[in-house]
Amino acid sequence: MPLRISAEVELLSLINDYIKEAVPAQLQPLLPLAQLVAEELVVNVASYAYTEHVGELEIDCGMVSFDGQNMLYLTVRDWGPAYNPFYEAKTPDLTLGMDERPIGGLGIHMVKQMSAHHWYIRDKDSNLVGVYIEPAA
Amino acid sequence: MQCTISKTNDLVRIDLCGRMDATTASSFVTTCQEQIDEGGVKLLVDLAGVEYMSSAGLRGILTVLKVSKAKNVSIGFCAPQPMVSEVFKISGFNTMMPIFSSAEDAQGKL
């Protein structure tokens, strides 16, 4: 069952607890990755989706069989203006040295790197982002 | 996340324990900033107790790296767990800052 809460970074522990309950026993090794992906997506919503008020987000997590392979799925929905983070977020230059590196901008990059598949749809008045995380080969 | 400080000669060692995420990374930055302000010239951050790190943790580390450089403080990190090592690798941080396998390995190299 999805978790719907206020889009505030301070509520991250609630999301971590939800993910911990939602990840099935056979995919427990993926728990840190699932929590990482959830945190990055939630921080993204908390930072960009609502500028004039604190809105809500809905997160869902569970197991899915994808072409016969068991994977974790994770979705995050918000009701802010249309925003595809996978398209809008700049690709960071990982070759830059410390002096040239901007602070931040790595969250969505990490989501992409940690997931097997990622997707976005504008669903009526909401943004829905999803990822699939697969077990290590 | 807990930060434990120990000092030997000119080396300040900061042992971190717990999760380095969007709600805790700022305490790491504050701790490092305090040690730099108190005159620390060599900082070793022991990550052996850090079980989880997100991009917020990386943001905190980059902030500390920039402050350290501005203040001529030498800083290194040691003993990351596999999850943290993976985060360093996919973000390119593994080639941007000194990371030692252990606190012992860092001796004399900062």
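Nothing here was measured: the structure is a model prediction, and the numbers come from that model. The sequence lines fix the lettering, A, B, ..., with proteins before strands; numbering per chain opens at 1.
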For residues B/Ala56 and A/Glu39, report the shortest heavy-atom separation together with the two atoms involved.
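For B/Ala56 and A/Glu39, the tightest heavy-atom pair comes out as CB-OE2, 4.0 Å.
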
Of the non-hydrogen atoms in A/Arg101 and B/Ser91, which two are nearest, and what is the gap between them?
NH2-O, 2.8 Å

Could you check if a side-chain atom of A/Leu36 sits within less than 4.5 angstrom of a side-chain atom of B/Met83, using non-hydrogen atoms only?
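Yes - at least one pair of side-chain heavy atoms lies under 4.5 Å apart.
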
With only heavy atoms counted, which part of [X] is less than 4.5 Å from chain B, the side chain, the backbone, both or neither?
X       : value
A/Asp93 : neither
A/Val9  : both
A/Leu96 : backbone
A/Pro92 : neither

Does the pair B/Met96 and A/Leu94 meet the rule for a side chain to side chain contact (heavy atoms under 4.5 Å, CB included), with working shown?
CA-CA 9 Å; B/Met96 196 182 68; A/Leu94 304 182; over 6 Å; no

At a 4.5 Å cut-off on heavy atoms, which part of [X] comes close to chain A: side chain, backbone, both, or neither?
X       : value
B/Lys69 : side chain
B/Leu65 : both
B/Met53 : backbone

Between A/Gln35, A/Met114, A/Glu10, A/Gln113, the one whose heavy-atom pairs under 4.5 Å with chain B are most numerous
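Most pairs with chain B among the choices: A/Gln35.
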
